[in-house]
Amino acid sequence: MFALDQEIINSLVDEVVKSISQKNQKFIKRRISLKSSENRIVKNYSKSEIGRRGVFDDIDHAISASSKAQELLIRKCSMVTRNKIIQAMRKCSCNLAVQLSSMAVKETGIGRVEDKIKKNYLAANKTPGCEILKPWCQTGDDGLMLTERAPFGVIGAITPCTNATETIICNSIGMLAGGNAVVFNVHPSARKVARFLIESLNDAIIAVDGPDNLISIIAESTIESANELMVHPGIKLVVVTGGPAVVKAAMGSGKRAICGGPGNPPVVVDETANIEQAAKGIIAGASLDNNIVCVDEKEVFCVSDVADMLKQQMFENGAVELSSCEVTKLEHLIIQNGHLNKDWVGKNASIIAQAINKQIPQDTRILLCEVDSEDHPFVQSELLMPVLPLVRVSDVDRAIEAAIRCEHGFKHTAGMYSTNINSLHDMARAMDCSIFIKNAPHYSGLGFGGEGYTSFTIASPTGEGLTTSISFTRERRCTLKDHFRIV
Ligand code: NAD
């Protein structure tokens with residue numbers, strides 16, 4: 001990646017344009033200004049990369065191609081073909097799960113390959129398809145009412161680096177099942193793997209007679225291009241998955257927006273819990289993909305009576321505890337000027353420990369940090385790394401109150417380990433989150449070892465919860481007066 005002055009950019013652009021065949025030239029209208037040069041990369045694309053299989057250099061052309069593809073999907077493809085398209089996308093994603101996972105870790109520098117493989121399979125196999133879109137019919141004295149779900153058209157989707165390929169697989173399946181096309185603007189640190197995935201998905205779609213470019217991507221995506229995409233007149237629905245800044249941008253886009261925003265999921269362990277189960281579940285959940293998944297357990301509130309027992313069991317399940325002096329050292333490393341130092345996001349526990357001169361086994365899953373109070377920055381911030389703070393509390397009611405405060409009203413995800421049905425009920429109601437998990441790792445709430453379908457866009461700010469093709473479609477009604485009753 002490099003920044004260039006305008007003259008060099010212009011001459012490179014000219015060369016690139018000249019080198020590409022007449023046929024593909026229509027797709028190339030690069031508008032690289034000096035102002036945006038910091039964010040953009042000049043790259044010599046091969047012919048096959050531009051304007052085919054979804055990869056576009058330019059937002060206008062991506063939307064135009066996806067719009068044509070969407071028209072074909074609706075007008076020319078039967079529901080049988082649409083189902084085949086979804087099946088082909090699932091198969092393609094499963095076939096590529098291992099490769100995508102290793103490419104994503106290599107490119108983004110965050111997470112764990114073995115965990116990403118599981119997440120990619122989950123997205124491919126448990127994202128609902130067309131079957132979830134049930135028509136609704138009502139008959140009566142006045143005749144018949146039919147309600148069906150219709151596509152929006154072309155959706156603009158912004159995706160995070162934390163679930164770089166999983167979100168693309170999940171969003172694409174849900175959006176196409178609803179009859180839409182989608183143009184992705186992905187996190188700049190995950191462009192290569194995203195382009196590879198989107199080309200492959202388009203190949204899979206074409207192979208079952210679906211239209212090319214149903215899924216498109218802006219090749220050199222930036223925050224700037226994300227904002228252009230969101231306000232483009234060709235985009236009928238904006239779907240974003242990420243932190244507070246992108247949610248704010250989407251809500252200000254003037255479009256209907258579905259926003260999967262940040263979280264800070266607390267987990268409470270009370271004195272009635274099965275402690276062995278709690279420790280095992282919390283370590284498995286909090287360490288999934290080095291804690292970069294938005295639902296992963298981010299802080300533990302444990303009733304004092306059972307805290308030592310919980311910690312002991314956590315050590316047996318892959319956690320290593322930091323002393324209070326080491327916690328302070330780590331705080332200086334990962335929180336700088338009140339902000340999270342992103343260099344440590346998604347890194348392995350052993351690498352983070354090494355940075356504070358602590359040697360621990362390579363296979364350590366979690367650095368456990370007991371802290372004095374909920375005010376500690378490790379509790380307050382969404383760290384997105386395998387560093388898990390634990391706070392002792394006097395009783396379950398205090399634990400629930402602290403959990404509510406530290407979730408910051410995101411209403412994203414929370415969990416509890418307890419065998420007291422009243423406590424489980426009280427916390428589930430009080431948290432008011434899109435996902436609440438009882439006695440299991442938080443990823444169970446994504447349908448991973450838990451009941452139900454999966455989603456990688458959990459839209460709490462806009463209220464859709466775990467998004468599916470229902471979220472990506474409009475309700476339409478047709479009324480027929482007086483006829484079509486058969487009784
Ligand atoms: P991020 O917010 O840095 O980036 C997400 C996407 O938004 C990227 O494509 C980025 O380029 C774009 N973006 C960022 N700021 C923008 C702005 N001002 N205008 C336009 N686009 C902008 O997030 P990340 O580091 O990739 O992912 C981690 C965050 O996402 C965490 O906060 C996590 O909780 C959240 N997340 C939420 C869900 C969910 O379903 N609710 C799922 C995954 C991640």
Side-chain angles (χ1 to χ4, degrees), residues 39-40 59 104 107-111 116 119 122-123 127 156-171 174 183-191 193-194 217-218 220-232 235 238-253 255 257-265 288-298 339-346 380-385 407-408 410-414 433-435 442-443 445-447 454-468 471:
N39 288 330
R40 301 216 186 219
I59 291 177
E107 188 180 359
T108 62
I110 61 175
K116 285 194 188 295
K119 287 164 57 190
L122 178 68
T127 300
I158 319 290
T159 56
C161 58
T162 49
N163 304 320
T165 54
E166 301 86 336
T167 315
I168 293 174
I169 294 168
C170 175
N171 281 180
V183 177
F184 282 101
N185 195 95
V186 304
H187 195 287
S189 75
R191 291 171 183 148
V193 67
I217 181 169
I218 309 304
E220 301 298 348
S221 51
T222 59
I223 287 186
E224 191 187 47
S225 62
N227 285 309
E228 283 175 38
L229 182 69
M230 285 192 263
V231 298
H232 193 288
I235 293 297
V238 172
V239 178
V240 304
T241 311
V246 72
V247 169
K248 192 171 171 210
M251 287 185 164
S253 68
K255 298 277 171 66
I258 294 177
C259 302
N264 194 34
L288 179 73
D289 216 9
N290 284 340
N291 204 295
I292 57 177
V293 183
C294 58
V295 299
D296 284 349
E297 294 81 345
K298 298 286 189 288
H339 295 288
L340 188 64
N341 179 349
K342 292 201 171 174
D343 291 350
W344 301 101
V345 164
Q380 291 293 319
S381 322
E382 186 191 26
L383 297 180
L384 299 165
M385 58 187 83
E407 211 269 330
H408 305 308
F410 292 134
K411 298 188 187 286
H412 193 300
T413 298
C433 285
S434 293
I435 304 179
H442 283 190
Y443 54 64
L446 294 182
T454 202
S455 177
F456 280 81
T457 299
I458 298 138
S460 299
T462 47
E464 292 78 7
L466 286 95
T467 54
T468 65
S471 326

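Remember, it's 1-based here, ligands and their atoms both numbered in the order they're listed. Remember, it's a predicted structure, so these values are computed and weren't measured experimentally.
The distance criterion of under 3.5 Å between nitrogen or oxygen atoms is not met by Thr241 with respect to ligand 1. Residue Ile458 places at least one N or O, backbone or side chain, under 3.5 Å from an N or O of ligand 1. Residue Cys161 has at least one nitrogen or oxygen atom sitting less than 3.5 Å from a nitrogen or oxygen atom of ligand 1, judged on distance alone. For the pair Ile223 and ligand 1, the shortest N or O to N or O distance does not fall below 3.5 Å. At a 3.5 angstrom cut-off on N or O pairs, His412 counts as close to ligand 1. Looking at ligand 1, you won't find any N or O of Asn163 less than 3.5 Å from one of its N or O atoms.
The ligand atoms of ligand 1 that sit less than 4.0 angstrom from a heavy atom of Ala249 are 19 (N). When each atom of ligand 1 is checked for a heavy atom of Val186 under 4.0 Å away, the hits are 9 (O). Taking every non-hydrogen atom of Ala226 and a distance limit under 4.0 Å, the qualifying atoms of ligand 1 come out as 20 (C), 21 (N). Listed by number with element, the atoms of ligand 1 under 4.0 angstrom from any heavy atom of Gly263 are 34 (O). Counting atoms of ligand 1 from 1 in the listed order, those under 4.0 Å from a heavy atom of Ile158 are 6 (C), 7 (O), 9 (O), 12 (C). Applying the 4.0 Å criterion to heavy atoms of Thr457 picks out, from ligand 1, the atoms 40 (O). For ligand 1, the atoms lying closer than 4.0 Å to a non-hydrogen atom of Asn227 are 19 (N), 20 (C). Interface atoms of ligand 1 facing Pro188, defined by a heavy-atom separation under 4.0 Å, are 11 (O).
Of the protein's non-hydrogen atoms, Thr162 OG1, 3.7 Å is the one closest to atom 44 (C) of ligand 1. Protein heavy atom closest to atom 21 (N) of ligand 1, with residue, atom name and distance, is Val246 CG2, 3.5 Å. For atom 4 (O) of ligand 1, the closest non-hydrogen atom of the protein is His187 CD2, 3.6 Å. Taking atom 23 (O) of ligand 1 as the reference point, the nearest protein heavy-atom neighbour is Gly243 N, 3.7 Å. Looking from atom 9 (O) of ligand 1 to the surrounding protein, the closest heavy atom is Thr159 O, 2.7 Å. For atom 34 (O) of ligand 1, the closest non-hydrogen atom of the protein is Glu382 OE2, 2.4 Å.
Closest heavy-atom approach to atom 30 (O) of ligand 1 within the set Ala250, Ser455, Gly242, Cys259: this belongs to Gly242. Here the shortest heavy-atom distance to atom 41 (N) of ligand 1, taken over Ser225, Cys294, Gly261, Ala245, belongs to Gly261.
Under 3.5 Å, the side chains of Thr127 and Thr454 contain no donor-acceptor pair of N or O atoms. No donor-acceptor contact under 3.5 angstrom links the side chains of Asn264 and Ser381, judged on distance only. The closest side-chain donor-acceptor pair between Thr167 and Thr241, if any, does not fall under 3.5 angstrom.
For the pair Arg191 and Glu220, the salt-bridge criterion is met [side-chain N within less than 4.0 Å of a carboxylate O].
Among all heavy-atom pairs drawn from Val295 and Ile435, the shortest one is CG1-CD1, 4.0 Å. Contact between Ile158 and Ala226 at its shortest, heavy atoms only, is CD1-CB, 3.8 Å. Of all heavy-atom pairs spanning Val247 and Pro262, the tightest one is CG2-CD, 4.5 Å. Among all heavy-atom pairs drawn from Ser434 and Leu466, the shortest one is O-CD1, 4.4 Å.
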Test side-chain contact (heavy atoms from CB on, under 4.5 Å) on Phe456 and Leu122 and set out the steps. CA-CA 10 Å; Phe456 280 81; Leu122 178 68; 4.0 Å; yes
Working for side chain to side chain donor-acceptor pair (under 3.5 Å), residues Ser189 and Thr108: CA-CA 5 Å; Ser189 75; Thr108 62; 5.7 Å; no
Show, in sequence, the C-alpha distance, side-chain angles and deciding distance for Thr159 and His187, and conclude whether the side-chain contact (heavy atoms from CB on, under 4.5 Å) test is met. CA-CA 6 Å; Thr159 56; His187 195 287; 5.6 Å; no
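For the atom pair His442 NE2 and Lys298 NZ, the distance stands at 9.5 Å (nearest 0.5 Å). Rounding to the nearest 0.5 Å places NZ of Lys119 at 6.5 Å from OG1 of Thr162.
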